[in-house]
Amino acid sequence: MAEEKIKKRSLTPEQRRILIKKETEKPFTGKLLYNKETGSYLCAQCGNPLFSSSTKYDSGSGWPSFWDVKSDKSVRFQEDNSLGIRRTEVLCKLCGGHLGHVFPDGPREKTGKRYCINSSALSFQKSNPKKRKKL
């Protein structure tokens, strides 16, 4: 079986710092934090669909937060013991880029999870409005 070739996009220095070096952007500075448009959030490095705008919510944490992933092909998890604390790192399942972390303090009526994701690790694709049928 041939290995699928991943098309990686050009990254800004900030995106490289986060996706590859696993650093974090400053809270309340991300370009997608306050985005309210309908669409999909993709990995900024490879374009893998990660989250839907329908699962985004304001957690007050300073980073875009989601209560669920787009599909089982979106992310994978890895234990992260940096900073002297135990956390669960969220990585793009396709390219392995660092996205952020997941915590068990999300909306209880949903999944109970809070995917705390760096805005710079994401790109946004607006949904196409439904085309009207001509009569």
Side-chain angles (χ1 to χ4, degrees):
M1 182 162 65
E3 188 177 309
E4 183 180 342
K5 195 171 188 177
I6 300 170
K7 287 187 176 181
K8 292 189 178 182
R9 300 172 177 179
S10 295
L11 300 175
T12 66
E14 173 76 356
Q15 289 172 321
R16 189 173 292 105
R17 190 177 67 76
I18 291 168
L19 285 158
I20 297 169
K21 294 183 178 180
K22 300 185 176 196
E23 295 182 20
T24 303
E25 65 194 7
K26 292 180 183 176
F28 301 101
T29 63
K31 63 181 176 12
L32 294 171
L33 176 60
Y34 300 109
N35 183 31
K36 303 258 190 243
E37 295 184 276
T38 302
S40 296
Y41 292 85
L42 314 174
C43 175
Q45 182 166 241
C46 71
N48 186 23
L50 302 171
F51 302 97
S52 168
S53 60
S54 65
T55 64
K56 187 175 189 264
Y57 73 101
D58 183 3
S59 68
S61 67
W63 292 275
S65 298
F66 305 87
W67 52 265
D68 205 0
V69 296
K70 187 121 176 142
S71 79
D72 62 354
K73 296 177 183 176
S74 298
V75 303
R76 67 180 175 86
F77 306 100
Q78 182 171 294
E79 188 174 316
D80 176 5
N81 293 309
S82 64
L83 305 179
I85 55 175
R86 188 181 205 169
R87 299 179 294 173
T88 302
E89 180 182 8
V90 180
L91 302 159
C92 174
K93 197 168 192 176
L94 189 59
C95 71
H98 171 77
L99 304 171
H101 293 86
V102 62
F103 301 98
D105 60 359
R108 288 186 186 178
E109 69 279 4
K110 304 293 184 184
T111 62
K113 295 178 182 176
R114 173 174 55 97
Y115 290 86
C116 187
I117 306 299
N118 290 288
S119 186
S120 292
L122 303 171
S123 64
F124 183 73
Q125 183 176 52
K126 288 184 193 181
S127 292
N128 291 331
K130 292 181 182 178
K131 294 180 179 179
R132 291 183 171 176
K133 289 184 179 180
K134 292 183 178 181
L135 298 175

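Source: prediction; values computed, not measured. In what follows, every heavy atom counts, from backbone to side chain, and hydrogens, waters and symmetry copies are set aside.
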* To do: Decide whether Ser120 and Asn118 meet the rule of one side-chain donor and one side-chain acceptor closer than 3.5 Å.
  =>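 Result is no, nothing qualifies.
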
Interatomic spacing from [atom1] in [X] to [atom2] in [Y] - rounded to 0.5 Å:
| X | Y | atom1 | atom2 | result |
| --- | --- | --- | --- | --- |
| Tyr34 | Leu32 | OH | CG | 12.5 Å |
| Leu19 | Arg17 | CG | CZ | 10.5 Å |
| Lys93 | Phe77 | NZ | CZ | 9.0 Å |
| Gln45 | Ser10 | CD | OG | 10.5 Å |
| Ser40 | Lys56 | OG | NZ | 13.0 Å |

* Report yes if some heavy atom in the side chain of Cys95 is under 4.5 Å from a heavy atom in the side chain of Cys43; otherwise report no. =>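 Answer yes - side chains close enough.
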
* Would you indicate whether the side-chain heavy atoms of Arg86 and Glu79 approach each other to under 4.5 Å? =>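 Yes; the side chains approach each other to less than 4.5 Å.
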
So if you build clusters from Ile, Leu, Val, Met, Phe, Trp, Tyr with side-chain heavy-atom gaps below 4.5 Å, do [X] and [Y] land together?
| X | Y | result |
| --- | --- | --- |
| Leu42 | Leu122 | no |
| Leu91 | Val75 | no |
| Phe103 | Phe51 | no |

* Quick one: ring pair (Phe, Tyr, Trp, His ring centres under 6.0 Å) partners of Tyr41, sequence neighbours excluded? ->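 With neighbours one apart ignored, the set is Phe66, Phe124.
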
* When clusters are formed from ILVMFWY side-chain contacts under 4.5 Å, directly or step by step, what else is grouped with Ile18? ->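 None; Ile18 is a cluster of one.
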
* Nearest heavy-atom neighbours spanning Leu33 and Trp63 ->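 So the two residues come closest at CD1-C, 3.4 Å.
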
* Which atoms form the tightest heavy-atom contact between Pro49 and Ser74, and what is the distance? ->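 Shortest heavy-atom separation between Pro49 and Ser74 comes out as O-OG, 2.9 Å.
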
* Of all residues at least two apart in sequence or in a different chain, which pass the side chain to side chain donor-acceptor pair (under 3.5 Å) check with Gln78? ->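 Residues passing side chain to side chain donor-acceptor pair (under 3.5 Å) with Gln78: Glu89.
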
* Has Lys113 got more than 12 heavy atoms of other residues, nucleotides or ligands less than 6.0 Å from its NZ? ->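 12 or below, so no.
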
* Asked: Should we count NZ of Lys31 as having more than 12 external heavy atoms under 6.0 Å?
  ->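 Yes, the 6.0 Å shell around NZ holds more than 12 heavy atoms from other groups.
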
